[in-house]
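So the structure is just underneath, and the comments pick up after that.
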Amino acid sequence: MHLLGNLNPRQQEAVTHVSGPVLVLAGAGSGKTRVLAHRIAYLLGAVGVSPYEILAVTFTNKAAGEMADRVRALVGDIAAGIWMGTFHSICARILRIEGRRLGISPDFTIYDDRDQVLLMKQILSDLGLAKSRLTPAAALSRISWAKSGLVSPEDLAGMVGNPYDRKIADIYSDYENALRANNALDFDDLICMPVRLFKHDQDALTKFAMRFTHILIDEYQDTNRAQYEFVRLLSSIHRSVCAVGDDDQSIYRWRGADVTNLLNFERDFPEAAVVRLEQCYRSTKTILAASQAIIQRNVERKEKDLWTENPVGRKVMLSAVRDERGEGEFVADMVNKLMEEEGKCLSDFVVLYRTNAQSRPMEDAFRGKGVPYVIVGGIKFYERKEIKDMIAYLRVLVNTRDSVSLSRIINVPHRGIGDVTLGRLREFCTDQGISLSDGLTRISEIAGLNAASGRKLEAFGSLLAKLRRESAGKSLENVIKLVAEESGYLAYLRTLDKVESIARTENIEEMVAGGYEFQERSDEPTLEKFLEEVSLVMDIDLWDDRRDAVSLMTLHNAKGLEFPVVFIAGAEEGLVPHHTSFEDRAEMEEERRLFYVGMTRAKERLFISTAAGRRGFRGWMPQVVSRFVEDIPEEFMEILASSEDRHVPDETHSDWGEEKVIRIGTPVRHAEWGTGRVVGCEGYGKQLRLTVKFGGGRVKRLLAQYANLEFLEEDPL
DNA sequence: TACATTGCGATCCGT
DNA sequence: TCGCAATGTA
């Protein structure tokens, strides 16, 4: 039958075991996406399950869309109506329907981190903590940790022996009240609130737990406590959960993900079948072996035995470059070379890095060499100032209680309403227990307000009333146009200098187009749904993999993707592993998994580059090769010598002995091996180790102190 | 009281 | 490099 065609026996088992819980331990490239798609198709086509009964959770919205396409290709339109999406989008959907049971109005706003910080600043200043060492972001980070672990303010306050948390608990409590007053939810709320609903409202739980006879969850290793609880509750009746994941690819611990959800699946569902997918269809034998050598150094992991029938392929290439510019040039040159010599096309390549800041020099090199590229991530479209402003207007139209958005736009464009006037309005509203929006209708009652400021507030109030009146019944596209025009925002942009003005006006036009596109595509093209989508889109969702360009993204964004040729840039101590992880063994293991995820994205070719130094915000910093590279056995790796014109600037030196200048590319002579070149440099001081490539292709790793190397001033080659 | 300017500080990963 | 807070100016 075609629903099982081309699946190996393990995969078939994962697809056809539909009578109870299944844990699918899926190694990198083992075809888990196919398994999930086939399982859904099998449920619909062979078992006769209604699409209405299926809930499928994916890690990105993009993955959900692709899953839907694959299922449709297998069984056709009977797949329509499946609930498929990320935890956040599925939970938002549940809350729009059932939120009222928790006192959440369906027109709630979703606050992103910028909104959260603005709200938190207000709270800290109300508590007299504005000048304290506690930053809004730090408080929010602790609160987010609590929420994603389902820890309430009371729980947090009760945690013994932590005075810091006692203080945070008060802030947490105020923060929650403020969110409710604003009719707003943060990202963590989207998950916790349905959990709270299901725990306290048996009717609501029964309704959904009865409905979803089959639940599938991808990337289960990266679920957090709240998401785990959500799944546990929803599956409490039918117990038919199919969890797919790989503990070696858990890379979101820092965001509250808890890999024990995966490791303890069999404890939670003792009747579970466990299927291991260990045949890798993606990578060459060499890439697989090299990546296994690295991940096997982790202590906290399940042992697995991945294998492949793919060819041996080429060795992993390590390129030692001078600095970030040299790295960019190396990658761009190699892209050109492989396109010319091996017939690769632009979309075959991806460049992966640890931090978004690394994209800049990479872009410069690509632009300089005329290689088309797309960047995934960085500054999001919806985070641009003018777009956030427009969204704030739209939010205020939908949710009149949203004071964070209202504060954002009350003086944008300039209306002569400053901090003092806004402060008086805010104070009045807090006293009266009303929203800022309601306060605008009672301006005459506000104490200490001069007549001019009062009139300005009045004018802003009537603007909002007018926008509300005129937007009623209009299409999404026209509402956005209306707001841009009537608010004076477009006129304001025209007063800016030319370049700025044009770029930002274009962004607003792009947003109008986005609104039009949304209303064409969505089955429910409301302003609420549009704002929800805008809040929940991920950078990777917007990435077009068919576009004729090299992709640039972070290692995190690469999860779940694959490419014929992968470049991992910045394989250096401090980047991967990131310096913030040095002190913590668990975090270090996560860095290793991250590097592993990057390596296993590659199908045919894997390039790793490492720079001798980088120009940071404090000038030139010497860099050291990542310990992960060190763990790749030499038989799987080939070191590319750097070209002759690459030199480390003179200020770079080891602190070993006298100040010797060690450059990538520095010529050396050894009594036994003859002349060669430094192609890599690791460690500091007495630990300084050099990788030297000698004539005849011999590569030696040497402890510099004892190597008896002669560093040559003149290049003999 | 609002708005422009300068200077400083922080800068991982992201729903 | 960029965004924001303190400071200066209208």
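The sequence lines fix the lettering, A, B, ..., with proteins before strands; numbering per chain opens at 1. Both backbone and side-chain heavy atoms feed into the values below; hydrogens, waters and symmetry mates do not.
Contact check, A:H414 against B:dA4: a side-chain N or O comes under 4.0 Å of OP1 or OP2. OP1 or OP2 of B:dG14 sits under 4.0 Å from a side-chain N or O of A:N356. Distances shorter than 4.0 Å separate some side-chain N or O of A:N411 from OP1 or OP2 on B:dC3.
Applying the salt bridge (charged side-chain N to carboxylate O under 4.0 Å, His left out) definition to pairs two or more places apart or across chains, those involving residues 443-464 of chain A are A:R442-A:E445.
Screening A:D107, A:T109, A:N182 for a side-chain hydrogen bond (donor to acceptor under 3.5 Å, both in side chains) involving A:N399 leaves a single residue, A:T109.
In this structure, of B:dT1, C:dC2, B:dT15, it is B:dT15 that holds the atom nearest to the side chain of A:H88. Distance from the side chain of A:H556 is smallest for B:dC13 among the nucleotides B:dT1, B:dT15, B:dC13. Closest to the side chain of A:F187, out of B:dG14, B:dT15, C:dC2, is B:dT15. Each of B:dA2, C:dT1, B:dG14 was ranked by its minimum atom distance to the side chain of A:T554; first place goes to B:dG14.
In terms of position along DNA chain B, the nucleotide closest to A:V420 lies nearer the 5' end than the nucleotide closest to the other residue of the pair A:Q116 and A:V420. Where A:R415 and A:R354 meet DNA chain B, the nucleotide closest to each residue was compared, and A:R415 sits on the side nearer the 5' end.
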Do any N or O atoms of the protein come closer than 3.5 Å to N or O atoms of nucleotides 5-10 of chain C, and which pairs are they?
| from | atom 1 | to | atom 2 | distance (Å) |
| --- | --- | --- | --- | --- |
| C:dA5 | OP1 | A:K121 | NZ | 3.0 |

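A side-chain donor-acceptor contact under 3.5 Å links A:R426 and A:S407. Side-chain polar atoms of A:H578 and A:T580 form a donor-acceptor pair below 3.5 angstrom.
Counting any heavy atom pair closer than 4.0 Å across all strands shown, A:D112 reaches no nucleic acid atom. Nucleic acid contact for A:D188: none, since no nucleic acid atom lies under 4.0 Å from a heavy atom of the residue. As judged by a 4.0 angstrom heavy-atom cut-off over every strand, A:R424 is placed among residues touching the sugar-phosphate backbone only. As judged by a 4.0 angstrom heavy-atom cut-off over every strand, A:T421 is placed among residues touching the sugar-phosphate backbone only.
Following rounding to the nearest Å, A:D113 (CG) and B:dC12 (P) show an atom-to-atom distance of 13 Å. At whole-Å resolution of the value, CG in A:D186 and C1' in B:dG14 are 14 Å apart. Between the CG atom of A:D115 and the P atom of B:dT15 there is a distance of 15 Å, given to the nearest Å. Residue A:D539 contributes atom CG, which lies 7 Å from atom P of B:dG14 at whole-angstrom precision. One atom, CZ of A:F59, and another, P of B:dC13, lie 15 Å apart when rounded to the nearest Å. Counting to the nearest Å, the C1' atom of B:dG14 and the CZ atom of A:R255 are 5 Å from each other. A:D222 has its CG atom 12 Å from the C1' atom of B:dG14, to the nearest Å. Distance NZ (A:K385) to C1' (C:dC2): 15 Å, rounded to an integer number of Å.
Every residue was checked against the ring pair (Phe, Tyr, Trp, His ring centres under 6.0 Å) condition with A:Y175, not counting sequence neighbours, and none meets it. Residues forming a ring pair (Phe, Tyr, Trp, His ring centres under 6.0 Å) with A:F530 (at least two apart in sequence, or on another chain): A:F518. Every residue two or more places apart in sequence or in another chain that forms a ring pair (Phe, Tyr, Trp, His ring centres under 6.0 Å) with A:F595 is listed here: A:F628. In terms of the side chain to side chain donor-acceptor pair (under 3.5 Å) criterion, residue partners of A:D389 (sequence neighbours excluded) are, by chain and number, A:K385, A:R408, A:Y489. Residues that satisfy the salt bridge (Lys or Arg N to Asp or Glu O under 4.0 Å) test with A:R601, not counting sequence neighbours, are absent from this structure.
The aromatic ring of A:F87 does not stack onto the base of B:dT15, failing the criterion of a centre distance under 5.5 Å from the six-membered base ring together with planes under 30° apart.
Heavy atoms of other residues, nucleotides or ligands lying less than 6.0 angstrom from CZ of A:R196 number 12 at most.
Near DNA chain B, meaning a heavy atom under 4.0 Å away, the residues from residues 568-583 of chain A are A:H578, A:T580.
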Check residues 359-366 of chain A and write down every donor-acceptor pair under 3.5 Å in which the side-chain atom is one partner and the other belongs to a residue at least two apart or another chain.
| from | atom 1 | to | atom 2 | distance (Å) |
| --- | --- | --- | --- | --- |
| A:S359 | OG | A:N356 | O | 2.9 |
| A:E363 | OE1 | A:Y373 | OH | 3.1 |

